[in-house]
Amino acid sequence: MHIHSICVVKNEADIVGQCLREALAWSDYIYVYDGDSSDGTWDIVKGMAGDRIVAWKQDGKVFQESLRAEVYNAFRDRATEGDWWCHLD
């Protein structure tokens with residue numbers, strides 16, 4: 001079983017690095033969608049990206065719950081039966 005986390009962020013440069021590092025203790029994969037941050041959040045996420053943290057997309061859409069569905073639909077083929085999906089906010 002794996003835990004796939006969906007993290008939707010915007011202008012969270014002060015906490016995003018610590019949040020992602022701490023979540024790696026229990027989350028197998030973290031997919032990050034950035035809402036067009038202007039404070040360096042996206043640069044931090046890209047700098048942390050690798051096998052387990054995926055800096056997926058930066059887009060200026062207004063936040064809505066359906067953004068998580070976009071992430072899920074982009075990466076659901078990586079999951080297997082029994083895997084869990086988590087909102088990482």
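Because the structure is a prediction, the values reported are computed rather than measured. Quick note: numbers below take in every heavy atom, side chains included, and nothing from hydrogens, waters or symmetry partners.
V62 belongs to no hydrophobic cluster with other residues, because no ILVMFWY side-chain heavy atom falls under 4.5 Å from its own, directly or through intermediates. Applying the under-4.5 Å side-chain rule to Ile, Leu, Val, Met, Phe, Trp and Tyr, the cluster around Y72 extends to I6, V8, Y29, Y31, Y33, V54, W56, F63, L67, V71, F75, W85.
Atoms OG and CG, from S5 and L88 in turn, are 5.0 Å apart once rounded to the nearest 0.5 Å. With values rounded to the nearest 0.5 angstrom, D34 atom CG is found 12.0 Å from K57 atom NZ. A distance of 12.0 Å separates CG of D36 from NZ of K61, quoted to the nearest 0.5 Å. With rounding to the nearest 0.5 angstrom, the CD1 atom of I3 is 6.0 Å from the CG atom of D28.
With T41 contributing its side chain and K10 its backbone, the two residues share no donor-acceptor pair below 3.5 Å. In this structure, D39 contributes its side chain and A13 its backbone to a donor-acceptor pair below 3.5 Å. No donor-acceptor distance shorter than 3.5 angstrom exists from the side chain of R68 to the backbone of H87, with no hydrogens or angles considered. D83 contributes no side-chain N or O that, together with a main-chain N or O of A79, makes up a donor-acceptor pair within less than 3.5 Å.
Looking at heavy atoms from C-beta onward, K46 lies in side-chain contact with D43 at the 4.5 angstrom threshold. In this structure, the side chains of L20 and V32 come closer than 4.5 Å at one or more pairs of heavy atoms. Inter-residue side-chain proximity for R76 and H4 is flagged as unmet; no heavy-atom pair is nearer than 4.5 Å.
The local environment of CG in D51 is sparse, with at most 12 non-hydrogen atoms from other residues, nucleotides or ligands closer than 6.0 Å.
Summarising the geometry of S38 relative to N11, their closest heavy-atom pair is N-OD1, 2.6 Å, with the distance given to 0.1 Å. A pairwise comparison of heavy atoms in C86 and W26 identifies SG-CH2, 3.7 Å as the closest pair.
Partners of Q18 under the side chain to side chain contact (heavy atoms under 4.5 Å, CB included) rule, at least two apart in sequence or in another chain, are R21, E22.
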